[in-house]
Structures are given as C-alpha cells and as structure tokens.
Undergrad: 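Pasting a structure below so you can have a look.
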Amino acid sequence: MEGAKNEIKRKSIEERQQMDELSRIRHSCAHVLATAVLRIWPDAKLDIGPPTDEGFYYDFDLEHRFTPEDFERIEAEMKKVVKENQTFDYSEKSRKEAKEYYQSINQPFKLERIDDIPESEKITFYKNGEFLDLCAGPHVPRTGNVKAFKLLRLAAAYYRGNEKNPQLQRIYGTAFKNKTQLKEWLEAQEEAKKRDHRKIGREQGLFTLSSTVGQGLVLWMPKGGIVRTELQNFMQSELLKRGYSPVFTPHIGSIELYKKSGHFPYYKDSQYPTIKADEEEEYLLKPMNCPHHIEIYAAEKHSYRELPIRLAEFGAVYRYEQSGELSGMTRVRGLTQDDAHVFCTPEQVETEIRDTVDLTLKTLRTLGLNDYRAQVSLRDPNSDKYTGDPANWDAAEETLGRVASDMNIAHEKAPGEAAFYGPKLDFMVKDCLGREWQLGTVQLDYNLPERFNLQYIGPDNTPHRPVMIHRAPFGSFERFMGILIEHFAGNFPLWLAPEQVRVLPITDLQNDYAQKIYSELKVAGIRANIDLSGEKIAAKIRSAETAKVHHMFIVGKKEIESESVSIRVHGKGDQGAKSVSEAISTLKIDISGRIL
RNA sequence: GCCCUUGUAGCUCAGUCGGUAGAGCGCGUCCUUGGUAAGGACGAGGUCACCGGUUCAAACCCGGUCAAGGGCUCCA
C-alpha cells in the first residue's frame with residue numbers, strides 16, 4: 001500500500017499550448033509571486049513555478065526563512081505587480097545566450113534547468129515588468145488578468161525532488177478567474193476539513209492515537225471496532241463464497257524467511273529493527289504476509305487438481321514509515337491487510353485475476369465508493385530494483401492491462417509503480433483534502449514462486465511452477481476506515497453504524513415500555529441503546545443526532561397504547577410510527593441487505 | 001528523515017506588560033415529567049506536552065526533547 005507521487009512531468013510545447021485558462025492564470029500568478037519575492041529579497045535563487053491541480057507553487061532558495069507572516073507582505077507586493085498590469089512578453093534565446101544570462105545574474109537552478117530542455121526545443125522566456133523567466137508558457141496577456149489569488153502555505157521541497165539535493169522553500173498559492181470563485185473554493189476547503197477522519201474519529205469515538213503507545217499505531221475504540229468487525233464480516237462472507245481458505249500466521253518471522261523472499265534488502269529502510277532472540281536467531285515483525293502464506297503452500301505437495309489454492313488472512317503487518325509521513329489512519333506503522341494469496345497454474349491466471357478484480361469492484365460498490373481511479377502499475381524500464389525474468393514481467397503486465405480493459409475499467413499506466421516482484425492493478429481514492437491513497441490492489445507475481453521453488457504436479461506427472469496473485473480489496477482496514485469515515489462524513493449506513501437504534505422514552509413513565517423494546521432489539525441482534533436520562537425529548541433527540549445514531553425509536557403514551565414506535569432517522573427527521581414488530585423486521589432486512 | 005507551524009480541562013478555545021489559570025460543550029448530583037436538534041441549579045475536573053535555563057517570580061522569555069498538523073523525499 002502506498003501513496004501517489006506528485007511529480008510534475010515535463011510537458012511538450014504542444015501540450016502546454018492546450019493549457020486551459022485557469023492553469024494559465026495560475027501559472028502567471030506563480031510568475032507574479034516570483035516577481036514580488038525578488039523585489040523584497042533580490043538575492044533569492046529561483047527554481048520553477050508550475051500550476052497544479054489546486055493552484056500553483058514556486059520554489060526559492062534564500063537566506064531568509066519564509067514564515068506565514070511574510071505572506072501579507074508578499075501578497076501586498078503581488079497586488080502591486082497585478083495593478084501595474086505588466087504584459088507577459090515572449091522571447092527566445094540561444095542555449096548559449098540563456099546560459100550566459102543566468103550565469104550573469106547568478107541563478108544556478110535556472111542554469112541547470114536549461115539542460116533539461118531537449119536540443120530540439122527552443123529556449124523560451126517570458127518577461128513581465130523587470131522579471132524575465134525561463135518559461136515555456138503559456139500565460140495570460142497581462143498581470144492584470146490575475147484577479148483573485150491567495151498564498152496558502154509554506155513547505156520545503158527538495159531540488160528536483162531528490163532527497164540528496166538541497167531543500168528549497170516552496171510557497172503554495174492558488175488563483176481563480178474571479179474573487180467569487182476563490183471565495184467559494186476557500187469555503188469548500190473549510191467544509192472538507194469538517195469531514196477529516198481524524199476530526200470525526202475523535203468526535204465519534206472511532207479511533208485514537210497515543211504517543212505513549214507509539215507513533216502511527218492506531219487504537220480502535222469500541223465504536224470503530226464495530227465498524228471494522230462489520231467490514232471484516234462482509235469480506236469474510238465474500239471470501240467463503242469465492243473459495244478462499246482462512247489461515248492464520250504469527251506476527252513475526254525469521255529474518256531468513258525474508259532474505260529468501262527477497263523482501264529484506266528492499267524493505268530494510270522501512271522496517272522496525274529486528275528482534276534478536278539470541279546470537280543465532282533473529283526475527284522481523286512481519287512487514288507483509290506473503291512469505292508466511294508461501295510456507296503454508298510449500299508445506300504440502302500439491303496436484304494441479306487442487307489449484308487454485310486461495311489462502312486468506314486478515315494479517316497485521318508493521319512498517320517503520322518515516323515519522324513525517326504518518327497521518328491519522330491513512331498512513332500508519334501497524335496495519336491489518338485483508339490479504340490473500342492465490343496459487344494457480346499459468347492457465348488459471350486470467351480467471352483468477354478477473355475474480356479478484358471483481359471482488360475489489362464489489363467491495364468499492366458495496367460501500368458506495370464510486371469515485372476511484374484505477375492504475376496499472378508497471379516496472380520502470382530504467383531501474384534494476386525488480387527481480388525476475390523480463391519475459392514473465394512482460395506477460396504479467398500485459399495480462400493486467402488486458403483484464404482491466406476487458407472489464408471496462410478506465411485505467412492509466414504508471415511506470416515505476418510496480419512492486420519489486422510484479423506489476424499491480426491499484427485502485428486509488430482521494431481523501432477530503434484531495435490527497436490520493438491506494439486502497440485495493442491486485443498484484444501478479446511470477447517471482448516469489450521461483451525464489452521459494454514452489455511446485456505443483458501437472459497432468460504430465462512432472463513438477464510445474466505455480467503463479468501467485470497477491471490481492472487486498474480494502475488494502476488495509478486502517479486506511480480503508482479512514483477513507484470511509486470521510487466518504488460518509490461519519491454518517492455510516494445502517495449495517496455499519498456503531499449504534500443502529502436508540503430508544504428514547506418521552507418521560508420516565510415510558511421507561512418500562514422502552515426497556516421492553518430495547519430488549520427486543522437486542523434479541524434481534526440489532527445494536528441498540530436506550531436513553532434513560534431525565535432530559536426532555538428534544539434534548540435526547542439532539543444528543544442522538546449529534547452522536548449520529550442511525551435510527552431513533554421515540555416512545556410516549558400514544559406508542560404504548562398502539563404497541564408501536566415513532567421512527568426518526570438520523571439526518572432525515574420524523575418518519576412516522578410503525579408497529580414494533582414491523583419496525584424491527586424492516587431494520588433486519590436493511591441490515592442484512594447492507595443497503596447504503 | 002528534512003523544512004515550516006502548533007501543543008492550556010475529555011473536546012473547542014481565551015489567558016493583556018512575566019505575578020503559579022478561565023469560558024462554552026461534555027461529565028456527575030439534584031430539581032424539572034417535558035412529543036421530534038440544547039429546561040434549570042450546583043459540582044468535579046489542569047504538573048499549562050516534557051526536561052533544563054534566565055528571573056524575587058515563567059503558561060508567557062531562551063534552549064533541548066517528544067508529539068501533532070502542512071509539505072518534500074520514500075513507500076513492498
């Protein structure tokens with residue numbers, strides 16, 4: 001499981017000419033920013049300033065450390081530049097002239113960037129006012145066209161995105177066509193923050209993080225535990241329908257196991273230190289489940305008649321992610337994957353891939369997560385970090401791409417994003433702040449069976465090599481839960497709701513009747529509570545609404561007389577009265593149907 | 001890991017010029033018996049993240065540590 005990269009790919013001149021108006025405004029605004037910064041700090045060294053999905057940024061290197069207090073000053077200067085209504089003037093220089101220019105004004109990053117431009121392309125510049133910038137364009141005609149902008153935040157960014165290079169100071173900002181759109185966007189951002197799973201998780205008592213327990217180690221609280229259990233039950237029932245066999249393996253494994261699997265050298269940087277039992281024995285907290293499952297497969301001799309063998313486990317794994325990367329439930333150090341490994345014959349690969357993809361799609365559909373992006377993650381042809389026969393890689397990459405196309409899954413190819421042992425079909429979903437996370441994944445692997453010398457006996461009575469499919473429809477319970485909290489804004493559908501029904505007697509006189517209904521709900525297997533506080537009904541309702549309780553059964557004098565309950569649904573208000581038995585049976589149907 | 005920001009009650013946050021803490025919500029007790037989003041009274045609750053320094057005196061100033069947040073890099 002992993003996040004996505006945000007690198008800016010170099011665009012051709014043709015692609016740039018296609019840039020839409022908003023991107024032109026943002027790109028031009030980045031130039032306005034650089035103009036302003038240079039006016040205030042003339043010795044700032046500039047790198048690049050492209051538009052992004054939500055705005056733009058510009059990278060600087062200078063002695064002065066930007067602080068958020070500088071924003072006011074910089075924005076004021078930017079407003080002046082806009083007011084001056086400078087034209088953006090295009091010009092070209094020869095490679096030699098361009099280099100001499102940047103040498104003369106001492107702009108080392110710009111100088112180096114010139115070498116990125118292919119020999120076949122022109123070296124182009126745009127000038128607004130006193131600021132001349134190496135730039136492929138395009139721009140709006142004048143700085144006055146930049147009508148609404150705001151600087152957002154500061155960040156450090158490594159030059160050329162490489163950790164070994166110096167860190168530059170990045171200023172992020174955004175710009176829109178007009179002030180109204182800017183205001184709307186800012187308000188939408190505020191709204192989105194209310195959905196943040198970390199905020200809702202705390203408010204609703206779903207999970208917590210304790211620095212005493214450790215960074216990135218999620219503690220599922222009782223209510224979160226209910227949601228997780230329901231998700232797990234759903235997945236378990238799917239697995240059984242689809243012929244998976246549950247297995248269980250321990251949380252640690254001998255370091256020899258990971259050396260054999262090849263994980264060890266790749267994983268070294270992001271694992272907890274090994275556990276030394278004595279001089280001889282060394283163990284690793286398991287960073288993945290595959291080697292354990294492989295040993296289960298390898299424990300017995302298999303005939304082709306038994307295949308495919310599908311070993312499934314909700315397996316806890318531990319990864320020592322960099323501290324700065326940790327985030328709520330979406331990026332953690334201890335996680336539980338809804339993992340399984342399918343061992344099959346080469347002929348069965350396609351059918352098995354189809355079924356795993358089908359399960360992943362069903363999972364997303366069941367939760368109403370329809371806004372996802374699929375990606376076929378391929379190896380980087382220029383890297384040597386991948387193990388195994390290139391012919392197998394080609395076959396595996398081709399199969400995944402073809403299955404995705406056959407199943408009408410819109411997808412793009414992502415070179416360099418494959419696992420070291422094989423290509424993947426990944427399903428990505430965005431969180432409330434627009435960051436993209438990988439959830440479900442299907443990975444095709446010809447290499448681990450090779451490394452572990454796995455076999456099955458074929459119809460020809462000779463040993464053959466099985467193929468492995470790694471797959472996790474949720475990805476991990478932690479990340480999936482984080483995304484799900486935001487997707488539902490904490491308002492879980494009935495089948496997942498930690499508290500499905502709360503019985504609210506109007507006065508103490510109805511407490512006995514309320515208790516009776518509460519018992520019936522419990523007997524029916526419905527997660528119910530009862531509010532026996534001395535509050536007025538309006539206060540009880542408010543308390544249930546803020547707790548996002550799915551159904552409220554309100555009972556007073558009238559309900560006792562007619563053996564009924566008044567039903568109120570969270571966020572939907574009064575739904576009228578129903579007989580007790582009818583109310584309960586409707587709930588049971590909706591719960592077992594997992595309706596959204 | 002690196003850069004920037006932040007850390008006061010369970011939560012959200014005040015706290016002036018340095019004189020050892022406040023509010024609202026929540027929680028507890030009591031009063032109120034009320035028909036679809038807040039009835040009232042009283043009360044409990046804090047080593048001001050932690051460690052050190054400056055000072056007669058530190059929530060406040062300085063240094064360090066830890067954690068959280070926003071990015072970058074990494075990511076099986």
Side-chain angles (χ1 to χ4, degrees), chain A residues 1-7 57 59 65-70 152-172 193 196 198-199 202-203 205 208-212 214-216 258 261-271 287-291 317 319-328 331 337 377 385-387 417-422 424 433 435 438 441 443 445 448 470 472 504-511 534-547 552 554-559 566-571 573-576:
Chain A
M1 39 179 292
E2 71 221 65
K5 286 184 180 165
N6 289 321
E7 74 185 39
Y57 66 81
D59 285 346
R65 291 272 146 218
F66 292 132
T67 67
E69 287 78 67
D70 292 330
L152 298 174
R153 54 180 164 264
L154 286 167
Y158 296 103
Y159 176 56
R160 290 178 183 274
N162 188 326
E163 210 175 355
K164 293 183 184 78
N165 288 339
Q167 251 185 2
L168 307 177
Q169 299 189 67
R170 176 172 295 178
I171 296 179
Y172 280 98
K193 279 185 196 157
D196 192 314
R198 292 164 296 194
K199 180 176 155 70
R202 185 174 50 239
E203 287 167 353
T208 189
L209 294 161
S210 155
S211 59
T212 314
Q215 274 188 285
Y258 298 102
S261 70
H263 284 108
F264 192 64
Y266 289 94
Y267 213 72
K268 227 174 162 183
D269 292 339
S270 51
Q271 70 202 11
M288 69 287 301
N289 304 298
C290 10
V317 299
R319 299 171 182 189
Y320 195 76
E321 304 288 357
Q322 297 191 87
S323 61
E325 258 315 316
L326 301 173
S327 177
R331 192 72 189 269
Q337 298 177 317
S377 300
K385 76 167 193 173
Y386 305 97
T387 62
E417 296 289 316
F420 79 88
Y421 50 73
K424 315 187 286 179
L433 298 174
R435 293 175 299 201
Q438 179 196 310
T441 179
Q443 310 176 359
D445 179 7
L448 288 179
H470 310 237
L504 311 180
I506 288 172
T507 75
D508 291 353
L509 300 174
Q510 290 87 40
N511 280 2
E535 294 296 336
K536 291 206 316 194
I537 192 62
K540 289 183 182 181
I541 286 169
R542 181 167 197 281
S543 156
E545 288 282 356
T546 52
M552 283 149 270
I554 296 164
V555 294
K557 249 188 234 162
K558 284 185 281 182
E559 287 76 12
S566 273
I567 298 171
R568 182 183 166 110
V569 176
H570 171 58
D574 194 350
Q575 307 288 302

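Scope of the values below: all heavy atoms of this structure, side chains included, with no hydrogens, waters or symmetry mates. All of these numbers come straight from a predicted model, not from anything done at the bench. Reminder, nothing fancy here: chain letters follow the sequence lines and each chain counts from 1.
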Undergrad: Just the rounded figure in Å: distance from P of B/rG69 to CG of A/Leu326.
TA: 8 Å
Undergrad: From the list B/rC2, B/rG39, B/rG71, which nucleotide is the closest neighbour of the side chain of A/Tyr158?
TA: B/rC2
Undergrad: With rounding to the closest Å, how many angstrom separate the C1' atoms on B/rG40 and B/rU33?
TA: 14 Å
Undergrad: Starting from the 5' end of RNA chain B, give me the residue, A/Lys199 or A/Ala157, whose nearest nucleotide shows up first.
TA: A/Lys199
Undergrad: Using the P atom in both, what is the distance from B/rC17 to B/rC62, to the nearest Å?
TA: 15 Å
Undergrad: Would you kindly compare A/Lys557 and A/Ser211 by the position of their nearest RNA chain B nucleotide and give the one closer to the 5′ end?
TA: A/Lys557
Undergrad: Where the side chain of A/Arg65 is defined as all heavy atoms beyond and including C-beta, which of B/rC3, B/rG71, B/rA37 is the nearest nucleotide?
TA: B/rC3
Undergrad: Could you check which of B/rC3, B/rG34, B/rU36 has an atom nearest any side-chain atom of A/Ile554?
TA: B/rU36
Undergrad: Please list, pair by pair, any protein nitrogen or oxygen found under 3.5 Å from a nitrogen or oxygen in nucleotides 40-44 of chain B.
TA:
none

Undergrad: Using the side-chain heavy atoms of A/Ile541, tell me which of these nucleotides is nearest: B/rA67, B/rU36, B/rG71.
TA: B/rU36
Undergrad: Would you mind telling me which of B/rA38, B/rA37, B/rC72 lies closest to the side-chain atoms of A/Arg568?
TA: B/rA37
Undergrad: Does B/rG69 have OP1 or OP2 sitting under 4.0 Å from an N or O in the side chain of A/Arg435?
TA: no
Undergrad: Find the runs of at least 3 consecutive base pairs, i with j, i+1 with j-1 and so on, that include RNA chain B, using Watson-Crick or G-U wobble geometry with both distances under 3.5 Å.
TA: B:1-7 with B:66-72, B:10-13 with B:22-25, B:27-31 with B:39-43, B:49-53 with B:61-65
Undergrad: Can you tell me which nucleotide in B/rA37, B/rC2, B/rG1 comes closest to the side chain of A/Gln167?
TA: B/rC2
Undergrad: Roughly, in whole Å, what's the span from CD in A/Glu321 to C1' in B/rC2?
TA: 16 Å
Undergrad: Whole-Å distance between B/rC74 P and A/Asn162 CG?
TA: 7 Å
Undergrad: Consider the side chain of A/Asp574, meaning its heavy atoms from C-beta on, and name the nucleotide among B/rA37, B/rU36, B/rG1 that approaches it most closely.
TA: B/rU36
Undergrad: Take the protein atom CE of A/Met552 and the nucleotide atom P of B/rG35, then report the distance between them rounded to whole Å.
TA: 18 Å
Undergrad: Quick check: does any side chain N or O of A/Gln575 sit under 3.5 Å from a backbone N or O of A/Gly573, one acting as donor and the other as acceptor?
TA: yes
Undergrad: State which of B/rC72, B/rG34, B/rU36 makes the closest approach to the side chain of A/Ser566.
TA: B/rU36
Undergrad: Can you identify which nucleotide, out of B/rC74, B/rG71, B/rC4, has its nearest atom closest to the A/Gln322 side chain?
TA: B/rC74
Undergrad: Rounded to whole Å, please give me the gap between CG in A/Leu509 and P in B/rG35.
TA: 12 Å
